[in-house]
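The structure appears right after this line, and notes come after that.
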Amino acid sequence: MLETALSIESPWPDSTDWEALALRAATAAMERTPHGEMLRFPVLVEISVRLTTDAEVQTLNAQYRQKDKPTNVLSFPMVQADLLDTIDQNSDDGEVLLGDIVLAHGVCAAEAAERKISLEDHATHLIVHGTLHLLGYDHGEDREAEAMESIETDALAALGLHDPYLISED
């Protein structure tokens, strides 16, 4: 079973059910990976999602990635990628914290406006993306990026959302 622990800072709008959105996005991502079987274990798999300001994300990005600028999403895995396969129905007293996903409002809102999509749709994509990072996926090399993008596209399609990598001729 998957659970998301959510914390929200202003200026993220409170008119959206962010917790339900985060759970749907993370579930859709996990289901499309070999780690999707974790969703059927009697183990509580938790992902923490923080919706916050650009300033907080900039601080985290500088501290952990030595990049002193805000970015749309940061992921902080709590389980090493090579240990993910050891998670089974008897893991850690029935609970596994996969990690944290942090989204920056200003960056996300600007990217959504640029793409002419809603903030909610873009946040969904970024949570899918962040979940895949927690599951050991990366996009540092072309082959890895293509595999990750394919999973993201499939997950978003299952949620009724657009392909974020489709190039528009507008």
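This structure is a prediction, so every number in the text was calculated from the model and none was measured. Numbers here are sequence positions counted from 1.
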With N61, which residues qualify under side chain to side chain contact (heavy atoms under 4.5 Å, CB included), at least two apart? R65, K67, K69, T71, L74
Contacts of P13 that satisfy side chain to side chain contact (heavy atoms under 4.5 Å, CB included) - sequence neighbours left out: S15, W18, H105, L119
Walk me through whether L156 and D163 qualify under side-chain contact (heavy atoms from CB on, under 4.5 Å). CA-CA 7 Å; L156 293 171; D163 178 349; over 6 Å; no
Transitively linked via ILVMFWY side-chain contacts under 4.5 Å: [X] with [Y]?
| X | Y | answer |
| --- | --- | --- |
| L84 | M78 | no |
| I47 | V96 | yes |
| I8 | I127 | yes |
| L83 | L39 | yes |
| L51 | I117 | no |

Where do L126 and C108 land on the side-chain contact (heavy atoms from CB on, under 4.5 Å) test, with the steps shown first? CA-CA 9 Å; L126 294 175; C108 293; 3.3 Å; yes
Salt bridge flag under 4.0 Å for residues E152 and R32: no
With a 3.5 Å cut-off and no angle check, do the side chains of E9 and T53 form a donor-acceptor pair? no
What orientation do H125 and H122 show, parallel under 30°, tilted 30 to 60°, or perpendicular over 60°?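 Ring orientation, 0 to 90° scale: tilted.
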Can you check whether L21 reaches D17 side chain to side chain, under 4.5 Å on heavy atoms?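 SC-SC contact between L21 and D17 ruled out.
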Residue pair M1 / V43, side-chain heavy-atom distance below 4.5 Å: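 Answer no - side chains too far apart.
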side-chain contact (heavy atoms from CB on, under 4.5 Å) evaluation trace for L2 with M38: CA-CA 8 Å; L2 180 65; M38 279 191 261; over 6 Å; no
Please evaluate residues M30 and T131 with respect to the criterion side-chain contact (heavy atoms from CB on, under 4.5 Å), reporting the C-alpha separation (whole Å), side-chain torsions for both, the decisive distance (0.1 Å), and the verdict. CA-CA 7 Å; M30 285 186 72; T131 300; 3.9 Å; yes
Under 6.0 Å from the CG atom of D82, do we count more than 12 heavy atoms belonging to anything else shown?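 Enclosed.
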